[in-house]
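By convention in this document, chain letters (A, B, ...) are assigned in the order of the sequence lines, proteins followed by strands, and residues within each chain are numbered from 1. Given the structure is predicted, the values throughout are model-derived calculations rather than measurements.
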Number of protein chains: 2
Amino acid sequence: MADISTRKVNPLFLREEELRQGIELLFYAYRDFTEVADQMLAQYNFGRAHHRVIYFVSRNPGITVSDLLSILKITKQSLSRVLGQLVREGFIEQKTGVQDRRQRLLTLTEKGEALERELTEQQRALIAAAYREAGAESVEGFRKVMMGMMDEKDRKRFEDDGPGGLRRRAG
Amino acid sequence: MADISTRKVNPLFLREEELRQGIELLFYAYRDFTEVADQMLAQYNFGRAHHRVIYFVSRNPGITVSDLLSILKITKQSLSRVLGQLVREGFIEQKTGVQDRRQRLLTLTEKGEALERELTEQQRALIAAAYREAGAESVEGFRKVMMGMMDEKDRKRFEDDGPGGLRRRAG
DNA sequence: TCCGTTATGTCAGTTATATTGACACATTAA
DNA sequence: TTAATGTGTCAATATAACTGACATAACGGA
């Protein structure tokens with residue numbers, strides 16, 4: 001009953017333990033979400049850094065190095081190591097920009113596309129199963145909570161799309 | 001309208017793009033979620049490894065070193081560096097086990113508890129804001145999707161609790 | 001055309017977090 | 001007594017990130 005009165009005091013249901021549970025939900029879900037791709041990456045001697053580069057180049061074909069840097073929020077020296085490997089091993093292509101010839105526009109090669117599909121497929125399958133199990137309404141709730149957690153700027157990447165809507169812009 | 005007809009074709013709403021969006025929601029939300037604690041950790045010259053140790057010791061007072069290792073899934077040499085720092089700087093206490101005197105039971109000191117609260121508070125605040133914005137129904141949807149993504153074993157940590165229910169067991 | 005800025009890349013050194021392997025010590029249990 | 005267990009430590013290595021400094025080519029405005 002102490003519990004009930006506490007709830008009355010806090011009608012926003014933001015009790016300590018519920019929030020803690022939220023932390024742990026995120027922790028475990030994210031851990032398992034990344035794990036499925038990690039196993040595959042290890043086979044190529046790649047890490048998560050490589051995956052992120054492949055993923056965002058896939059989402060934004062022709063992206064410049066500096067735009068990629070601002071998405072990943074790492075230094076160019078860090079990106080250089082990873083990107084260099086991916087280019088050398090034929091997963092990513094660099095083309096000189098047409099308007100601005102200083103730019104190196106990045107795209108996946110066929111080999112890169114194949115790896116990207118392979119990697120993301122694991123994660124898509126995991127999310128698909130979770131979505132299916134939870135139902136459409138829950139998915140909408142999930143979307144709302146996730147958007148509320150990310151910073152204003154990144155939120156805009158999703159807000160343009162209506163509920164369940166498709167992306168129209170680069171990632 | 002092309003959009004609407006597409007939906008009819010796939011009543012399970014598991015379209016490629018929706019799943020991809022799920023991947024990105026997770027990526028951005030988790031990135032910002034960890035960022036808030038990272039900033040505070042940096043002030044103590046600690047990293048995420050320290051945070052994890054503090055967190056799990058907090059959730060499992062009196063845990064043994066080997067049990068902690070099996071939660072964290074790292075080697076004892078790795079743990080040693082981090083744990084040693086935390087003990088030396090007075091955030092964690094080691095007590096010799098009573099039944100088995102080989103064991104070193106780990107608990108947070110008051111100083112450790114204070115840091116734990118401080119760290120978690122940032123993350124709780126972020127989740128609280130997201131929950132508040134999204135509403136109670138969305139939170140329930142979020143819970144369902146997250147649980148669907150984690151492996152069977154970890155899911156049980158949460159399933160015991162009813163909708164919006166409180167935790168009854170250690171994390 | 002000259003010059004400052006931008007986009008990219010690279011060299012060198014450092015830090016944080018993890019690894020494997022080997023070994024030591026105290027305690028427990030067979 | 002001896003083997004196994006729980007813990008700790010030394011040493012070498014890997015990785016993914018960092019800062020700082022500098023180089024090159026191309027752009028753009030005065």
Query raised in the report: Rounded to the nearest Å, what distance is computed from the CZ atom of residue B:R81 to the P atom of nucleotide D:dA12?
Result: 18 Å
Requested in this report: Could you pick out which residue, A:I74 or B:K76, lies toward the 5' side of DNA chain D when each is mapped onto its nearest nucleotide?
Outcome: B:K76
Query raised in the report: Would you say the side chains of A:Q123 and A:Y55 form a donor-acceptor pair under 3.5 Å?
Result: no
Query raised in the report: Out of C:dA18, D:dA26, D:dA16, which nucleotide sits closest to the side chain of A:R101?
Result: D:dA26
Query raised in the report: Within the pair B:T75 and C:dA18, is there a side-chain N or O less than 4.0 Å away from OP1 or OP2?
Result: no
Requested in this report: Round to a whole Å and report the spacing from OH of A:Y44 to C1' of D:dT15.
Outcome: 20 Å
**Report entry** Length of the CG-C1' vector between B:N45 and C:dT17, whole Å
**Finding:** 15 Å
Report summary line: Between CZ of B:F46 and P of C:dT17 the distance, given in whole Å, is 10 Å
Query raised in the report: Expressed in angstrom and rounded to an integer, what is the separation of B:H51 atom NE2 from C:dA16 atom P?
Result: 18 Å
Query raised in the report: Is there a donor N/O on one and an acceptor N/O on the other, under 3.5 Å, for the side chain of A:R104 and the base of C:dT8?
Result: no
Query - Length of the line joining A:K95:NZ and C:dA7:C1', which is rounded to integer Å - result: 19 Å
Query raised in the report: Looking for any heavy atom pair under 4.0 Å, which part of the strands does B:S66 touch: base, sugar-phosphate only, or nothing?
Result: sugar-phosphate
Query raised in the report: With a 4.0 Å cut-off on heavy atoms, is A:Q94 in touch with a base, just the backbone sugar-phosphate, or nothing at all?
Result: sugar-phosphate
Requested in this report: Identify which nucleotide among C:dT27, D:dG8, C:dT17 has an atom closest to any side-chain atom of B:D100, counting heavy atoms from C-beta outward.
Outcome: C:dT27
Requested in this report: Would you classify B:Q99 as touching base, sugar-phosphate or nothing, given that sugar-phosphate means primed atoms plus P, OP1 and OP2, and contacts are heavy atoms under 4.0 Å?
Outcome: sugar-phosphate
Query raised in the report: What nucleotide, of D:dC27, C:dT19, D:dT19, holds the atom closest to the side chain of A:Q77?
Result: D:dT19
Query raised in the report: Does any donor-acceptor pair link the side chain of B:R102 with the base of C:dT28 at a separation under 3.5 Å?
Result: no
Query - Residues A:R124 and B:E24 bridged, charged N to O under 4.0 Å - result: no
Requested in this report: Provide, to the nearest angstrom, the distance between the CG atom belonging to B:D38 and the P atom belonging to C:dT15.
Outcome: 19 Å
Query raised in the report: Between C:dT8, C:dT19, D:dA26, which one does the side chain of A:Q103 approach most closely?
Result: C:dT8
Report task. Remember a base hit wins even if backbone is also touched, and classify A:S78 as base, sugar-phosphate or nothing at under 4.0 Å, heavy atoms. Result -> base
Query raised in the report: Below 4.0 angstrom, N of the basic side chain to O of the carboxylate: do A:R20 and B:E116 qualify?
Result: yes
Query raised in the report: Does NZ belonging to B:K95 count more than 12 external heavy atoms closer than 6.0 Å?
Result: no
Query raised in the report: Rounded to the Å, how far apart are A:L83 CG and C:dA7 P?
Result: 17 Å
Query raised in the report: When the ring centroid of A:F33 is compared with that of B:Y30, is the distance short of 6.0 Å?
Result: no
